[in-house]
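All remarks here apply to the structure that follows.
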Amino acid sequence: MKILSGIQPSGQLHIGNYFGMMKSMIAQMESSELYVFIVDLHAMTSVHDRDRLTTGTLEAAADFLALGLDPERCIFWVQSDVPEVCELSWVLSTIAPMGLIERCHSYKDKVANGIEASHGLFSYPVLMAADILLYQADQVPVGQDQKQHLEVARDLAQKFNNTFGETFVVPEPAISKETAIVPGLDGRKMSKSYGNTIPIFLEGKALKKRVMAIETDATPVEDPKDPDKCNLFAMLKLFATPERLQEVHELYVGGGAAYGYIKLELLDLISDCFAEARRKRAEYLADPAMLREILKKGADKARAKAMVTLDLVRDRVGFKY
Ligand code: ADP
Ligand code: TRP
């Protein structure tokens, strides 16, 4: 089974990214052929700053490695190091119906949130389909927000296969039920573009400030509260043991849940959860030459795989005259 997913280096990675995608990718290293990449071409739809993009790319690499991704047991690379993806993206764009791409809500959401409406932003799902189809991925672990993009990839794979002959694997999304949408500080989806995140590697006062800023309602401590409607409880679910969660659940339902104390508990849990990874991350970031070498080796492996698919595509569409 080939499992593939990518992440944008467009800002600090946050706990929504971790629970929505990174954790399940890392867990599948043993059992699958794993493809993990940093999508800098996609990040260009919102980042037009050379230093931010290069730093973001190296940091995203350090984050993944620190969290346990082993580059010897997967293929780990930076998207732009395999330029074949751009050729496939063009080919797919010629069969992508306008209506299909126009229906994608992520474009409208991003524009509504202030990202410039560019052609790249609009055609983002086609490049994403090329990412997935180029490596013939069977499964793509993502958060709920990417489900529609997976549908585009499936539609394009099927359309290409019907038009030019069997070529692509039709990929399946893998969305974990519990962490499909990790809420942000304000209760909306946690997202870099909404400024409502808890970055994975934040620490000290900065982390405390974010955790204390989690929005809660004004119900008095002693009154019963609905844990399923509480943003703070949803975050606690990600970190607390089932036993502790049960206790806090009872406090919500029976009265006595003090948001301030629960936030402090969550703060410690987040800090402890990533303590070891935080140390490793600092080591990786202190050695950018090593990071580059890991990524270049990964790109060589990815490129060899990409060439096989692209060669077939070129033949199918008629580039081999
Ligand atoms: P962002 O919205 O912060 O820019 P990305 O689009 O880079 O995040 O997402 C990278 C991966 O993390 C994707 O698989 C996405 O579905 C997942 N993801 C992002 N935010 C969340 C969230 N709040 N809950 C669950 N998964 C998420
Ligand atoms: N669009 C994804 C996101 O914003 C990132 C991405 C690009 C991706 N190409 C991909 C995810 C291929 C999975 C597979 O999170």
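Side-chain atoms are counted along with the backbone in the values below, which use heavy atoms only and exclude waters and symmetry mates. Predicted, not measured: the structure shown is a model, and the values here were computed from it. Note that ligands are numbered from 1 as they come in the structure, with each ligand's atoms numbered from 1 the same way.
Contact residues of ligand 1 (protein heavy atom closer than 4.0 angstrom to a ligand atom; sorted by chain and number): I7, Q8, H14, G16, N17, G20, M21, V142, G143, D145, Q146, T179, A180, I181, V182, K189, M190, S191, K192.
Using a 4.0 Å cut-off between heavy atoms, I7 makes no contact with ligand 2 at all. Proximity of D145 to ligand 2, defined as any heavy-atom pair under 4.0 Å, is not found for any part of the residue. In Q8, the part holding a heavy atom less than 4.0 Å from any atom of ligand 2 is the side chain.
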N/O donor-acceptor pairs under 3.5 Å from side chains in residues 91-98, not counting sequence neighbours:
residue : atom : partner : partner atom : Å
S93     : OG   : W90     : O            : 2.7
T94     : OG1  : V91     : O            : 2.6

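Against a heavy-atom cut-off of under 4.0 Å, G6 is close to the following atoms of ligand 2: 5 (C), 6 (C), 8 (C), 11 (C), 13 (C), 14 (C).
When only non-hydrogen protein atoms are considered, atom 3 (C) of ligand 2 lies nearest to Q146 NE2, 3.3 Å. The protein atom (non-hydrogen) at minimum distance from atom 1 (N) of ligand 2 is Y124 OH, 2.6 Å. Nearest to atom 9 (N) of ligand 2 among the protein's heavy atoms is D131 OD2, 2.6 Å.
Judged purely by distance below 3.5 Å, without hydrogens or angles, the side chains of S80 and D40 pair a donor atom with an acceptor atom.
F233 pairs in a ring pair (Phe, Tyr, Trp, His ring centres under 6.0 Å) with only one of the listed residues (F239, Y252, Y259), which is Y252. Of the candidates L4, I7, L295, D81, F37 forms a side-chain contact (heavy atoms from CB on, under 4.5 Å) with just one, namely L4.
Two rings, from Y18 and F274, have their centers less than 6.0 Å apart.
In terms of polar-atom proximity, S5 is not counted as a contact of ligand 2, lacking any N or O under 3.5 Å from an N or O of the ligand. In terms of polar-atom proximity, defined here as any N/O pair under 3.5 Å, H149 makes no such contact with ligand 2.
Between Y135 and Y35, the ring planes lie tilted relative to each other; the angle falls in the 30° to 60° range.
The local environment of CD in E116 is sparse, with at most 12 non-hydrogen atoms from other residues, nucleotides or ligands closer than 6.0 Å. Heavy atoms of other residues, nucleotides or ligands lying less than 6.0 angstrom from OH of Y261 number 12 at most.
Taking the ring centre of F164 as origin, the terminal cationic atom of R316 falls outside the region bounded by 6.0 Å and 45° from the ring axis.
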